[in-house]
Amino acid sequence: MENFLQELNPEQRSAVKHTEGPSMVIAGAGSGKTKVLTYKIAFLLSKGINPFNILALTFTNKAAREMKSRITNLVGNDGHNVWMGTFHSVFSRILRVDGNLLGYQSNFTIYDTNDSKSLIRSIVKELNLDSKVYTANNILGRISSSKNNLISAKAYNTNNELLLADKASGKPFIGQIFTIYTNRLAKANAMDFDDLLYNTNLLFRDFPEILYKYQMQFKYVLVDEYQDTNFAQYLIIKKLSANNENICVVGDDAQSIYSFRGANIQNILNFKNDYPDYSIFKLEQNYRSTKTIVNAANGVIAKNKDQIQKEVWTSNEQGNKIPVLKAATDSEEGIMIAESIFETKMNLQVQNKEIAILYRTNAQSRSIEDALRKKNIEYKIYGGLSFYQRKEIKDLLSYFRLIINENDEEALLRIINYPVRGIGKTTIQHITIAAEKENVSMWEIIQHPEKHPLPVSSTAQKRVSQFVTMINSFKAQLNKLDAYELAKQVASATTLLRTLNEDKTPEGVSKFENIEELLNAIYEFTTHNNNLEDKLLPLFMQDVALLTDQDNDDKNESNKVSLMTIHASKGLEFPYIYIIGLEENLFPSAMSMNTRSELEEERRLFYVALTRAEKRVSLSYAENRYKWGNLTSNRPSRFLKEIDPLFLDQATVSKTLSSGKSLRKFNKTKAFSDTKGYTKMSPTKSVSKNMKAISSATPKSSSSFPPTDIQNIVVGITVEHQRFGKGKIINIEGNQSNKKATVFFPGIGQKNLLLKFAKLKIVK
DNA sequence: ATCAAGGCTTTTTTT
DNA sequence: AAGCCTTGAT
């Protein structure tokens, strides 16, 4: 059982075998961080520790899933019972059980960022404040960082420093908005993302017996990406492990890139003060990259002042120098990258999936996409809008949310007049005002019109009552029908399905398909268990707000070039990496050049980008670039100069730039863009945007996904699904329109699909 | 109550 | 350049 320890290097092995007492593992890029974490858990289990007593926290669902599957591979099914998940999902689980002590019902809704923003917008409006001064983004950021530092609305409003800062920035009412926002969430029985952490802290602070319960349960606490924890997370971890201090944190201070969301790099730098008798393990051997890449990256990060001393090295080969490409414009940069990729593929027999293009901001993907499409290079964009965030999906989910938690006001507002049922702004406003005045939820107002008469026309009143009746009829089914049956009923009874089906525009069709896919996912959920109580809609909905799109696409199956922001690339690796847009004001970002610590974070970001590469990293910049429709020019990034020239290949200048041809072209474009009303010629744009969301784009249109005749789908054949890729039919049951297939998708797993929804294509 | 046009904002974003 | 919100017309 213990021979898996042989697969570790000495430092990794010591880290794994140190199980009692606090320890910190500083894991340089590519040094086997996940391996240490998973082997450590496996080691604990092999020593007979009950999996129930181990808590492992990650930042993403993906990381948690990956660790779980690796552990199961090492030790078998015990792995399933380890408490492993994201901070948010683990603590929402705790709050569903014990949150009643804080006044929440266990069916509380989790507001996502959009719900929060929309709530803030309505508060700003109600207070008659200028929505251009009080932008939702700004306010939410302020509230969020307060909560992450465990400052309540009440504390905020008695904190002179904060109040003065708000006054100075011309926004003296932020404190008041914070208070109202807090009340509205409470009234809606809802928590935002930050509340999941804030309330867990509150629970542990005010209810020592609850804290004790979890301290007894989680005898071993392991934390991944510790450098990215914020104060709220830090404190929870500290409290949970206060009893026996079997805490193990893993991270790399050099890869801390989320301070703009409250991550505090001091948490990892100060670990030694919190646990003076801690053990530290440094994983310094990089197994991923060439010497050139490792040394170039080391040279860059050395410019930062705040860091833990370490020496990352590799025994890999020296490798290529780092090419630097110089382009005249952003579109030329795209062309140069596409050409370079084409050459690399030809000369080195490299596949698409071995290549990734990284950028600072999402907007930069466009010029690259255009160029790749022209060269028929298949690509895939990571990130962007999550499936569950899309409008049509959120609309249907909002019905579910309201049925489960009638006080969920954001859900109510979203659907009370969608599909259109003649309940207009005025009516809604009266409901809002009444709810505010009587300090009850909007649902209470419309549920009992006799108690809360509204000054609206009798037609409007009638329409509202009809809506209430409909929602109540769904609520009555909540524990009687399984999630799929109920969801189906809601989708059709609300006429939502029909409304979308009538829309024959490409967007409309895509929306309809997305709804079908959601229904399919819910159907699939109901096949996991046999008891009705495990198939109910609330259970399905519990974690939906915490899911992101990365949970859907696995890169195993598809052979496409990956495009993503550097932030999204953390934790990933590719043989060939292109880092584009190395220009001042873009990377480093203009917003992050004011203080040393901001600039250091940008530098860490550059470090992360460089260290994603295994064999070769290429850099590029453009002298001119369109920004929000205007041409701007920037000097090359300072980061280029921070790499020892020894590791650089001289700048490859774009052909068109050197011949002067492109300058004419580019002047023309400039003149053109100054004139309003010129004809655009980009028919593929809307298609590509759609695909961006579904994270799969091909050179031509892949939207033609002709549904195969259901009759032809039989056990044994291979089919292709729009999202899951290719898979094999394992079983078919049911008949005609209710025919269900069990399909095995390599790398994804087994899925149960309803054929009338799944739109499977038969592959020869 | 609903729709169309015009105007304004715009980083990164594991949850 | 594009999405989203507000405004104005019907």
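Keep in mind that the numbers below use all heavy atoms, side chains included, and drop hydrogens, waters and symmetry copies. Here is the naming used below: chain letters follow the sequence lines, and residue numbers restart at 1 for every chain.
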If the plane angle is over 60° it's perpendicular, under 30° parallel, otherwise tilted; pick one for A:Phe87 and A:Phe59. tilted
To the nearest Å, how far apart are A:Asp194 CG and B:dT14 P? 14 Å
Closer to the 5' end of DNA chain B via nearest nucleotide, is it A:Glu602 or A:Thr113? A:Glu602
Between A:Lys570 and A:Ala460, which has a closest nucleotide on DNA chain B that is more 5'? A:Ala460
Considering every strand and a 4.0 Å limit on heavy-atom distances, what is the contact class for A:Ile423: base, sugar-phosphate, or nothing? sugar-phosphate
Just to be sure I understand the rule, does A:Phe87 reach a base, reach only the sugar-phosphate, or reach nothing, if contact means heavy atoms closer than 4.0 Å? nothing
Under-4.0 Å side-chain N/O to phosphate OP1/OP2 contact, A:Thr427 with B:dA1: yes
When you get a sec, tell me which of B:dT2, B:dT14, B:dT11 is the closest nucleotide to the side chain of A:Val420? B:dT2
Is A:Phe260 stacked against the base of B:dT12, taking the criterion as centroid distance under 5.5 angstrom and interplanar angle under 30°? yes
A:Thr426 near the nucleic acid: base, sugar-phosphate alone, or nothing, with a heavy-atom cut-off under 4.0 Å? sugar-phosphate
I'd like to check the salt bridge (Lys or Arg N to Asp or Glu O under 4.0 Å) partners of A:Arg121; sequence neighbours left out, ordered by chain and number. none
Within residues 118-127 of chain A, which residues have any heavy atom lying less than 4.0 Å from an atom of DNA chain B? none
Find the distance A:Lys33:NZ to B:dT14:C1' and express it as a whole number of Å. 11 Å
For A:Thr229 and A:Tyr226, work out which heavy atoms get closest and say how close. OG1-O, 2.8 Å
Determine, stepwise, if the pair A:Lys511 / A:Asp395 fulfils salt bridge (Lys or Arg N to Asp or Glu O under 4.0 Å). CA-CA 11 Å; A:Lys511 283 180 181 174; A:Asp395 288 334; over 6 Å; no
Are OP1 or OP2 of B:dT13 and a side-chain N or O of A:Asn362 less than 4.0 angstrom apart? yes
Compare side-chain N and O positions of A:Thr565 against OP1 and OP2 of B:dT13 and report whether any pair is under 4.0 Å apart. yes
Does A:Phe91 have any ring pair (Phe, Tyr, Trp, His ring centres under 6.0 Å) partners at least two apart in sequence or in another chain, and if so, which? none
Rounded distance in Å - CZ (A:Phe606) to P (B:dT11): 23 Å
Between P of B:dT14 and CE of A:Met564, the distance in whole Å: 12 Å
Taking CG from A:Leu413 and C1' from C:dC5, how many angstroms apart are they, rounded to a whole number? 16 Å
For A:His430, give me all partners under ring pair (Phe, Tyr, Trp, His ring centres under 6.0 Å), at least two apart in sequence or on another chain. none
Establish, with yes or no, whether the OP1 or OP2 oxygen of B:dT2 is under 4.0 angstrom from a side-chain nitrogen or oxygen of A:Asn417. yes
The side chain to side chain contact (heavy atoms under 4.5 Å, CB included) partners of A:Thr182 (sequence neighbours excluded) come to A:Ala153, A:Phe178
How close or far is atom C1' of B:dT12 from atom OH of A:Tyr258, stated in whole angstroms? 7 Å
Which whole-number value in Å describes the distance from A:Asp130 CG to C:dC5 P? 16 Å
Could you state the NE2-P distance from A:His88 to B:dT13, rounded to the nearest angstrom? 16 Å
Using side chain to side chain contact (heavy atoms under 4.5 Å, CB included) as the criterion, list what pairs up with A:Asn230, not counting sequence neighbours. A:Asn148, A:Leu197, A:Ala232, A:Gln233
